Structure formats: C-alpha cells, structure tokens
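Accompanying notes for the structure given below.
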Amino acid sequence: MPIDDSAEILQELCSLVHDELKVLSYKWVARHYSISANTAKRVLFQLAEQQRDKVRTVYLVSGWTKQEPPGHVHRLVEAEQLQVLRESLGEITGMHVYSVAPNQATNPDSLWQVTYQQSQQLLKEIMLGQPSASAEVFRSNSCSAVRFAAPQQQQRPPAATAPTPPSAKGAGAVQRAAQPQHPTLRAKPAEADTATENIAAQSIAAAAPANSPPKTEEPSPPKAAVGKAAGPTLAKPNTLANMWSKASTKPKAAAAAAATAALAEAAAEAALTAVPAPKVAVESEDEEDMAVHVAGGRGRGRKRRGAQIEESEDEGCEEPVAEEVGGTAVDDQLGSRGKGRDGKRVKAKGTGKGEKEDKGKAAGTKRAKAGTAVPSAPPAPAFEAVEPQGGDGANMDEAVVVALETATAVAPQQQPAPLKPAGGGGCGARARKVTRTYINDQGEEVTEEVWEDGPVPLQPQQQPQQPAVPPATAAARVGSGGAAAAKPAAKAPAAGSKTIKGKVPAAGQKSMTAFFSKK
Amino acid sequence: MLDVEGPQNFHTHTARYDELLAPVTSKDNDPNFYRAPATYLNLDERFRASKRTYERQYAQLYFSRLMLLKEVMRTRVQQLWPGIPVCSILEVQESREVAVIGTIYKNMNLKPSILDEYSKDRGLKAALGASNFCSDNDSVVLEDEGARMVLSTPSALAAAGTGVSTSASAVSNEPLNVQELVTGAVVAVRGIHEAGGDFMVSAICFPGVAPNPHPLPGPALVSQQASVVAADAAPGDKYIAFASGLCLGGSKVDMLKTQLAFDFLTGNLGSPVEQQLSAQIVRLVIAGGCIGQLEALAGGGVGGSASGNAYNRQAQGAALQPVRDLDLLLAEVSAGLPVDLMPGTEDPANVALPQQPMHRCLLPAAGMHSSFVRATNPHEFEADGVRFLGCSGQNIDDMAKYCTIRDRLDLMERSLMCRHMAPTAPDTLTCYPFHDKDPFILETSPHVYFVGNQPEFATRLVCATAAGSSSSSAAAGQMVRLVSVPSFARTGTIVLVNLRTLACHPVRFDGSLGL
C-alpha cells in the first residue's frame, strides 16, 4: 500500500481512538480498510509510536518458554510489561502490536469485543447477500498472510445452502429476472385485450352490478377505476422491481391480497392459457364470483411458487395484463387494494408519499395488513365464508373483503351456499401448509414447511399484484379524477367490511385499528 | 524419544521477530504463504446412520462385540498361552487350567443405577458424585454368550487397591487387577475353576493393539528412537491442528484467547515466522465441546416457541448466542483452512454415541465454505496417508470412572489394547443399540488416536504390538500416536500434529495480559 494511503488511515485511526474511544485491534483495522493484517500491525505500530503516551498499546509476543520442554506460546501483554515478558521467554519468534486503545480505563473485554462485533456485522452482511469490501475480506480471509483456496473453489451463495438467511439473495435474483420482462409487459396487454375479450366482458358484467347494491353503501364509482387501472400499467420498471424484492424478503406478505389480484389474473389467464380457471369460469358463467374464487385459489397457488423465478416472471407480465383487461369495477377494487398495499409498502420503505395519498390509503392499509396475516392458515374456511356472500348477491368487493377477513378466522357458522360444489373444487385446488420431516441422504433430519395438495409445488413467496403507483401518476390521478378517486377507493373495503362484520361475527375483530380507521 | 517439538532452528523466511514493529514503508512486500495442501479422506461412514431404530436391547451389542472379537482373542490366546485350551464358560471343568474368552462386567456398588431414584437412601451416592464408581469391594464377572462366572485372583488383596498404573507396554499378559478393568472389554482369562464356583485367574490378556495395514509413508518412525532429531520439524512439514473444548457461552470462556487461537490458525496472528507455521497447518479438527452451556436453551422452553411469545423468542435468541458465536468463529476459520467439526457432550447434537454431525442449519455461515466438514463424533479421517481416529472425550472420561487409572494416556492405551473405543458404551455411556455390528471396535489401528476435552495436553507413542515387545515392532512402523487434546477454555492450548513425524506441537494462547 502506498504511504500516503497509510497516512490517511493513520489519521483516521487516531481520531477513532481519541474521539470515539475505540479499541482498535489489528484485525479490525485490517478488515475495516481491507488491508493485509501485517500492514495493519505496522500501521498500528506507527500509531502507537506517534501517540506514545496518549494510547495504551497491547503487544502480542510469540515465542518459546524457557522451561523444559520449551512450550510455544502466544501471549498478549501491555506495553509496560513487554520487557518483563520478553525476558521470561527463551526465544522470541514474533512480536507485534495487537491493539491500540485510548488511554483510559476500558473494559478488558473490549479488546475482543470490538473485533467480535465487527465480525458479526460482516457476517450479517454476507448472509444478507450484500457483502461490503470488508465483508469480502472476512469471507475470504484475504487479510491473512496465508493464502488458502477452498478445495472446490466454490463459495456457495448463502441463500442456496443456508436455510436461515433471509431471502435477500433470492429477492435480488427475482429483481434481476424481473427487469428484462418489462418489454413483454408492455406488449402483452394488447394481445390479451383481444383474446380475452369475452371473458373479460363477463367478469366486468359480473362485477359491475355487484358494485352497486344499495345496502352496502358502496361508494366506489366506476370512474375511479379508469385512473386506477392506468396507475399500475404506468408503473416504472424500477418501482416494480423494488416491490418485488420487498415482497420476497417478507415471504408471507399479503397472501390474501392474492385473492383480489387473482380476480384480474383469472381473467387474464383465462385467455392466455388453457388452465382450470377459464374452465370454471365458463362453467359458472352467471356465477362469476365463483370463478373468481377458484381463480383466487389458483392465484394464491401461483403466488407461492414465487421461488421459481420463471413462474414469478410469468406472473409479473400477466398481472398488468389482467388489470388492463379488467379496467372496470374489478380493477377498481384491485386498485384500492393495491393502493392499500402500496401504502403499506411505502411505509415500510420509509419513502413516504404525499399526505393526501396516505390518508386515502390508511384504511386500505389496514385491510391489507389483516390480509397479510393470512397465508399460513388453511384457506378453506375463508372461502366457505365467501360463498354465502356471493350467493346473497353481495358485491364483489364485499366478497373479497370477506375472504380477507375470514381467511384466518375459523369458519363461522355458515348457511351452505348454493355454489358449494364449485367452491369445493376451488378449495381442492388450494394448498395447505404442512410440516414435513424426512431424513435426507446424509442421515440428517430435515423439517420443512411445504405446500401440499396444491396444483403445483408452492412457495409462500409473494409478488405484489399491483405495481406501486409512482407519486407522479398518483398525483396526476388525484388531480384528474378529483378527490373522489382516492377517497372512495379507500373507503370501499372499509364499508364492505362493516357490513360483513354484522354477518360474520368471527371475522370481526381482526384488528382493532381497522375498526378505527373506518371513521 | 521426543514427542513434542521444540523451537525450530530453521526459518525459511529469514525473519526478525520484530519485523512488524516498523512503520509502513512503500516497498512493503508482505511475505505471502500458501497453505499447504494435503489429501483428505473422510472415513466417518461407519459412524453415520441414516436410519435408526431404538427398539432393540443393548444385549445384542455386547453379543456382537464378543463375536467380532472372539477370533482375535482366540489367536491371541494361542499365541500367548500355547497349549491352554480355550473353552466357553459352560464348558469349564473344575481343577483344569483353561482359557476363557468373554466380556468383563464389573460389579460396582457406586455405579449409578436407574433404580437409584426409587431407593430410600440416596444420600451417600449423591454425595460421592458420579466422578468415579470405584470402591474396594468391586468384583469382576466374565460373561460370554452362554453364562457368566465370577473372577477372583489368588491374592486378591495384593492386586487390588494398589492403584499403581502398570507400565503401559506390558499389559498384554498381566495378573488380574480389578481396579484397572472396565466393563464391556472383551478379554481372555486363564485360570482354574475352583470348587466354590469362582474362577481363579492367573493371567489376563487383552486383544492388543490392532495392526495397522498401512504403515506410515516415508521414513517416518523407524528412526524415531535412533535419533532424537527425527522429531524435529523440517521445513516442508505439515500439521493437523486439534482443538477442543472451546466452551463458548460457558463461564470459563475467554473470547480473547479464542480469537487469538483462531487468528493464528487463519494466519493473521504473529510475525511471518508464526504465519509460516500456520501455513503448514493443513486442517483444523475441533474435537467437540464447542458449546459450554445450552442449559438456558433447554430450560428456556423450546416448546415455548410454539406460542410465539415474544419474550420466549428473545430468551431463545439469547440462549442460542453460543451457537451463533460458534458459527461466526467457524465461518472465520474455515475461510482460512479446512475445518472438521465434531460434536461433543454439550454440543447441539444427539447425545448417544456415535454422535451425528451437528445439523447444518445451526451453522449457516460456516456451511457456506466448502472447506467446512461436519463430522461425526468418533471421527476418522486420513490426511496425506496418516490415519486419524478420535473422539470428543466421552469414551475416555467414562472409562476413567471405572478404574483407578488417572492418566488419560493410560486409559487411551487401554482402550487401544481392548481394540475398542468405548468399552463402557452401553453401560454408562449412552450409545445407539447396534445389533449386528459394533463400530467402536478398532479393527485396525489409526496412526493417531486423539481424544478431546481432556484436562491437559499429553502425548505418547504406543507400539501396535503383534509380538508384544515394543522395540521390535517399532521397526515395522506400527506405532500409534496418542494425543490427549486439552480443553481449550481451560488450557488455551491447541495441538499441532506433524504429519511426517507424528510429533506434537502444542501452542498455547494467553490473552490474560499478564494479569
């Protein structure tokens, strides 16, 4: 290392010792500045010489004891006793500064604690998949004078081998995978539009009337939907990718939102692929909400496959399609949900949006939160709870909200709905989370939670269904659609839940804050 | 014979000790060493178990042990006591000198029994503790597949109670010394069945140290006795480092010391001379005892986690701190050199021998390194042709409870003599109920037999005798290096074993700042 560089380090170390009263061990220095340990020792020696009386220096002395047989020792010693120790040893093979500490009484443990904390910190960085330069030094031991390459040269990534680290790595991968998808994302809506015309029309037809029963005092007007629908598609790729990573670091995020998202997805998928969803949709044409339930199941299933990246990519491009196709009351609902989720996510990120927006979102956020608690619960009861609502001709929003509300709750006493058989099908396609234990080929017992009975291997990882509404679009929307755009949307779920609470007692008190947020 | 390496007189890197006590210069060319490579072969297979059933009785283990060692004993008896007929206990006739092969069972009053908790007076035993079960009125029973018989010695009083450990090499044909026997060992006794029903033993013989099919490569040990210099290190030597008993989270642990040791191993610590030595270490074997205390975890309610109580989770997190520390340490050290981690008594693995490797989810960070090997507890491996076998210390610690032998090396030697790593295994040492095999039998001797978590460092060379005399077989290279690896938390010592000479090189770390 060049001298001037070391001079800088020296200065910085000096301030660290004197101002922050830090105990600097050579290893800490080596890692912190990504220099070799031997250089760090010299730097510290320089520091100790410079500040001779102002710091306490601990030396490490290696050597052989005088007794017979001679023993090889490495001993730490304070500077004052250095001479004594040197005399007590027979042969000295090495001596260097171990640490430099401020000249004050310090906890003897601080000699190792600082280094230890640094190690912990670096390890954490590694496990999170964002190693800094220092963490790289930690991981590869590159500050050591002894070079070593692991046998197979393969440093497996943390996420691949270790089950415990958070899936930040996976998130990164998803993020990377997501970005190339955006071109198709733009291309698909058109194609989908034509292909799914009739099914989309169906869902619109089913959803639109559902939006206006007077008894639920549903305030969300269809006009809001236009702005809402536009929002998601306008989402910038960046934002979208961010959201993805966010969601996958919180694997359990908003499984319930899946149900709503699945509304749109069902429509899109019906056209794009020949999968159960369209089949069911055709079967129960007049009972569109039924198809929605089934599709919801599928949607949820698809959610959980999040770990399989290609799948999530699919979803990534289908989802905006769906929203475009829907483009009406269904999407209105989606939009409001999405907003709720957005609000939450935004909050979590701490980026914060306009006040107006936040206010409007508050209610939605609460709902989304209630929903997020859902994923591990067997979803069957939730859907039984939904059915009667659909049967009663309650609106779509309501049904969805009920699904959210009751997802975790034990199914309340329900009047069996006329649509039961179809609903059963929907439940069948759904997955249960099961703890499975088996012995792997290494003889170790492995216990993991897996999704069983689903149509596909499922993973609890989630993708947000609605891309974040960038502040610009959101503001524009508020401006154009009027205040009504944001506000009624927020109110919709609240209003829905209110009526439900009357009907489904168990679904009530999900969260106390939700109750207050209504007002 | 030099067992321990002294200061080295060569320094390939002509370094001054105070080389690092100098300011940074622009033309700093730090010497870089490259960690010596060595072949490595993991031989843990026989200690691994994929499927386990705990429905069987332990009697089968004794039985299979006897069956497996019987042939060995038979040839041994013929060799040692020619002309003496070998018969089973049921065939023994009165007043005729015979040899009988069987398993020893020691009747010990102080031995804890599961029935103890139902007995009325437990005061005495509780006071004595479980450190040693020996008492003066212990008696020995020999058991084979058909029956058991009481063994007695002509001068029982003279033999018993002396407690003097016999010279290590002469154990092959010795009078019965009750105090030195351990339950579970397969032996042959020679004697006469007396009218009273006792078997009067005139001599006892052990299976003896198993032969080693792979004599050490290189000139190795032949010259050992001839020249003391042989034990001295040479520049190209490679070492295996042994550490045990880190006791993270324990009361005695000194993290500074531990850090020093691991920094040394990774080549960070010390002057270039030390780093050179460190570069010669090809592998670190941690022989158990990494975790000092997990009681908090056991008590803190693993069951409590189900309720999701935040307090419990917190308490659990704190209780798991030692495991995280271990992970951190191992992640650090396995970046620098290959590491084998054996579980020990307190470690989070199964208790019964053979202990299976610690689960990888406990050590996520260390597991990222391909140089990190999670080993079983009796751990066997081969490095550069030298075969190592060892245990985390439970076996020897448990044997120590059965006899008056105090020296750990004597116990280890006894264990080699019995060709069994853990003779006391089903009795007071928990082990898996094997039924058709006994993985603890030493069919062949390792070159290095190590035991972890011992009170102090000690080492000795033992001859794998076929003939019985140490000097003659030494030439055949049939030597076993015994290494008692001390608990690091207690002694601050790690042991380096030279792969060429099998000499040991203890390195001590002291972080007490001379206080």
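Atoms considered below: every heavy atom in the structure, side chains included; atoms not considered: hydrogens, waters and symmetry mates. Fair warning: this is a prediction, and the values are worked out from it, not measured in the lab.
- The side-chain heavy atoms of B:F33 and A:S144, taken from C-beta on, include no pair separated by under 4.5 Å.
- Atom OG1 of A:T93 and atom CG of B:L277 lie 9.0 Å apart (nearest 0.5 Å).
- With respect to chain B, the highest number of heavy-atom pairs below 4.5 Å among A:T115, A:L122, A:L85 belongs to A:T115.
- When heavy atoms are compared at a cutoff of 4.5 Å, A:Q120 approaches chain B by way of both its backbone and its side chain.
- The shortest heavy-atom contact between A:V146 and B:G267 is CG2-CA, 3.7 Å.
- Within 6.0 Å of CD on A:Q11 lie no more than 12 heavy atoms contributed by other residues, nucleotides or ligands.
- The line from CD1 of B:I494 to NE2 of A:H72 is 9.5 Å long, rounded to the nearest 0.5 Å.
- Note on B:Q259, B:E274, B:R324, B:R48: by heavy-atom pairs under 4.5 Å with chain A, the leading option is B:E274.
- Aromatic ring orientation, B:F509 versus A:H74: parallel (interplanar angle below 30°, classes split at 30° and 60°).
- Distance alone, capped at 3.5 Å, is enough to place a donor-acceptor pair between the A:H96 side chain and the B:G270 backbone.
- Residues B:F264 and A:L60 fail the side-chain proximity criterion, which asks for heavy atoms closer than 4.5 Å.
- Here B:N268 is the residue among B:T258, B:N268, B:L260 with the most heavy-atom pairs under 4.5 Å with chain A.
- Only the side chain of A:V58 has a heavy atom closer than 4.5 Å to any heavy atom of chain B.
- Contact of A:Y116 with chain B is made through backbone and side chain together, with heavy-atom distances under 4.5 Å.
- Annotation for A:R139 and B:H369: closest pair O-CE1, 3.2 Å, computed over non-hydrogen atoms.
- Heavy-atom pairs under 4.5 Å with chain A peak, among B:V507, B:L269, B:D263, B:L329, at B:L269.
- Note that the CG atom of A:N38 and the CD atom of B:Q275 stand 4.0 Å from one another [nearest 0.5 Å].
- With a 4.5 angstrom heavy-atom cutoff, A:K41 touches chain B via backbone and side-chain atoms both.
- Atom CD of A:Q113 sits about 9.0 Å away from atom CE of B:M255, to the nearest 0.5 Å.
- Within the model, atoms NZ of B:K257 and CG of A:L76 stand 11.5 Å from one another, a figure rounded to the nearest 0.5 Å.
- The minimum heavy-atom distance between A:F148 and B:A335, with the atom names listed, is CD2-O, 3.4 Å.
- When all heavy atoms of B:A331 and A:L123 are compared, the closest pair comes out as CB-CD1, 4.3 Å.
- Looking at B:L337, the atoms closer than 4.5 Å to chain A (heavy atoms on both sides) all sit in the backbone: N, CA, C or O.
- At a 4.5 Å heavy-atom cutoff, B:Y40 makes no contact with chain A through either its backbone or its side chain.
- For B:Q356, no part sits under 4.5 Å from any heavy atom of chain A, backbone or side chain.
- Looking only at distances, a side-chain donor or acceptor of A:N141 sits under 3.5 Å from a matching main-chain atom of B:T266.
- Residue contact with chain B, scored on non-hydrogen atoms closer than 4.5 Å, is absent for A:S25.
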